[in-house]
Amino acid sequence: MPELPEVEHVRRRLATWARRARIVSAATTDARIVRPLAPRTFVTRLEGRTIADIARRGKWIRCLLDDDQRLFIHLGMTGWIEREASADRSNPHAAAGHHLRFERARIVVARRGKESAIVYVDPRRWGRLVLAREDIPSWTTLGPDPLADGIDVSLLAGKLARRPRTSIKEALMDQKVLAGVGNIQAIEALWRARVDPRSRASAIDRTGVGAIARGLRWTIDRTLADLSRARPDGDPFLVYGHKGEPCPRCRTPLRRIELGGRTTTFCPGCQILKR
DNA sequence: ATTATTGTTGGTAG
DNA sequence: TCTACCAACAATAA
């Protein structure tokens with residue numbers, strides 16, 4: 001599911017459902033996902049609290065509670081959030097206490113007298129629900145968020161210049177460089193900017209960094225727009241997952257390689273390699 | 001049966 | 001302190 005646009009989408013839905021809501025009850029038995037707290041502690045500390053604010057930075061979501069606790073949510077590779085409106089009789093899954101396949105945690109909230117359940121689902125269990133009394137390092141060490149903060153080209157260029165060994169693609173995916181850029185968004189942005197993903201990060205000139213910044217905005221906005229549609233496309237990507245197909249820009253067949261252990265698709269025809 | 005998958009994290013080495 | 005690399009985590013889908 002989740003890179004910046006998907007997480008922003010989840011944040012918006014969560015805000016719609018749970019902002020200013022009171023937590024009636026919580027349930028989980030998954031010590032892995034709620035670590036370092038024990039499931040019992042996690043649940044007890046949540047109950048009775050009100051959710052004041054729901055923010056996002058990169059791929060992390062932070063729910064601020066009325067007693068200054070914070071619930072940090074990371075969806076990992078396969079996490080997502082659903083809502084069960086307990087009064088909804090048309091939904092067969094909505095019965096109270098019913099649990100979904102791969103449900104890992106459940107938080108029942110009340111707002112204006114109505115209850116609903118916020119359900120965290122995660123088959124692979126790489127996601128996290130971290131309840132803390134202060135901001136956690138994973139949150140505070142994140143670089144600028146392209147959507148919330150915008151991309152400062154000079155700042156980005158400076159960070160890239162300090163990385164002569166890594167590829168531009170791996171550098172973009174470093175959450176300290178920019179928060180929220182993952183494999184797909186990096187692939188799409190570099191294609192848009194006509195930069196070969198294997199280029200050394202430090203070899204990208206000012207113009208190139210500007211093009212990459214615009215490319216990131218372009219792909220993030222596109223993905224977000226697709227998610228907000230009533231019926232999302234499912235594949236709004238032009239390059240990722242399209243190995244062998246003609247480049248949408250120059251018709252050269254797209255190539256797939258591996259970079260830093262991650263699948264990378266690019267166009268050898270119009271993405272320029274800089275070393 | 002084999003391979004690939006949208007992400008972090010902790011250890012190690014330099 | 002910073003960068004770079006790697007294994008680990010887990011469950012599918014093709």
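Chain letters run A, B, ... following the sequence lines, proteins first, then strands; residues in each count from 1. Just the heavy atoms: all of them, side chains too, but no hydrogens, waters or symmetry mates, feed the values below.
Between the CD1 atom of A/Ile187 and the C1' atom of B/dT6 there is a distance of 9 Å, rounded to whole Å. Distance, A/Phe72 CZ to B/dT9 P: 12 Å, rounded to whole Å. Going from atom CD1 of A/Ile257 over to atom P of B/dA4 covers 15 Å, rounded to whole Å. What separates CD of A/Glu170 from P of C/dC6 is a distance of 10 Å, to the nearest Å. Distance CZ (A/Arg128) to C1' (B/dG7): 12 Å, rounded to an integer number of Å. Distance, A/Tyr240 OH to B/dT6 C1': 5 Å, rounded to whole Å. One atom, CZ of A/Arg162, and another, C1' of C/dA4, lie 15 Å apart when rounded to the nearest Å. Per the geometry, CG belonging to A/Leu160 stands 12 Å off P belonging to C/dT3, to the nearest Å.
Both A/Leu131 and A/Ile107 are part of a single hydrophobic cluster, where members link through side-chain heavy atoms under 4.5 Å apart.
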Whether each nucleotide of nucleotides 9-14 of chain C has a protein heavy atom under 4.0 Å at its base (B), only at its sugar-phosphate (S) or at neither (-) is summarised, 5' to 3', as BBSS--
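Between B/dA4 and A/Thr263, no contact under 4.0 Å exists linking OP1 or OP2 to a side-chain N or O. Note on A/Ser138: a side-chain N or O is less than 4.0 Å away from OP1 or OP2 of B/dT9.
Nucleic acid contact for A/Arg262: base, since at least one base atom lies under 4.0 Å from a heavy atom of the residue. Backbone-only engagement by A/Gln175 is indicated by non-hydrogen atom pairs under 4.0 Å involving sugar-phosphate atoms exclusively.
A/Arg128 places no side-chain N or O within 3.5 Å of a backbone atom of A/Phe72 that could act as its donor or acceptor partner.
Of the options A/Ile212, A/Thr219, A/Leu216, A/Asp196, a side chain to side chain contact (heavy atoms under 4.5 Å, CB included) to A/Leu190 is made by A/Ile212 and by none of the others. When each of A/Ile118, A/Leu46, A/Val43 is checked for a side chain to side chain contact (heavy atoms under 4.5 Å, CB included) with A/Ile23, only A/Leu46 meets the rule.
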Does the salt bridge (charged side-chain N to carboxylate O under 4.0 Å, His left out) test come out yes or no for A/Arg62 and A/Asp135, once each step is laid out? CA-CA 9 Å; A/Arg62 183 187 67 180; A/Asp135 286 344; 3.1 Å; yes
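Among pairs with a residue in residues 143-169 of chain A, those fulfilling side chain to side chain donor-acceptor pair (under 3.5 Å) read A/Arg56-A/Asp145, A/Ser154-A/Arg206, A/Arg163-A/Asp174, A/Ser167-A/Glu170, A/Lys169-A/Asn183, A/Lys169-A/Thr264, at least two apart in sequence or across chains.
Rounded to whole Å, the separation between the P atoms of B/dT8 and C/dT12 comes to 22 Å.
Closest approach to the A/Arg163 side chain among B/dA4, B/dT6, C/dA4 is made by C/dA4 (side chain taken as heavy atoms from C-beta onward).
When side chains are defined from C-beta on, A/Ile51 counts as touching A/Leu65, because their heavy atoms get closer than 4.5 Å. Using a 4.5 Å heavy-atom cutoff, the side chains of A/Val119 and A/Phe102 are not in contact. At least one side-chain heavy atom of A/Arg12 sits under 4.5 Å from a side-chain heavy atom of A/Leu224.
Stretches of at least 3 consecutive Watson-Crick or G-U wobble pairs, with each checked distance under 3.5 Å, appear in DNA chain C as B:2-5 with C:11-14, B:7-14 with C:2-9.
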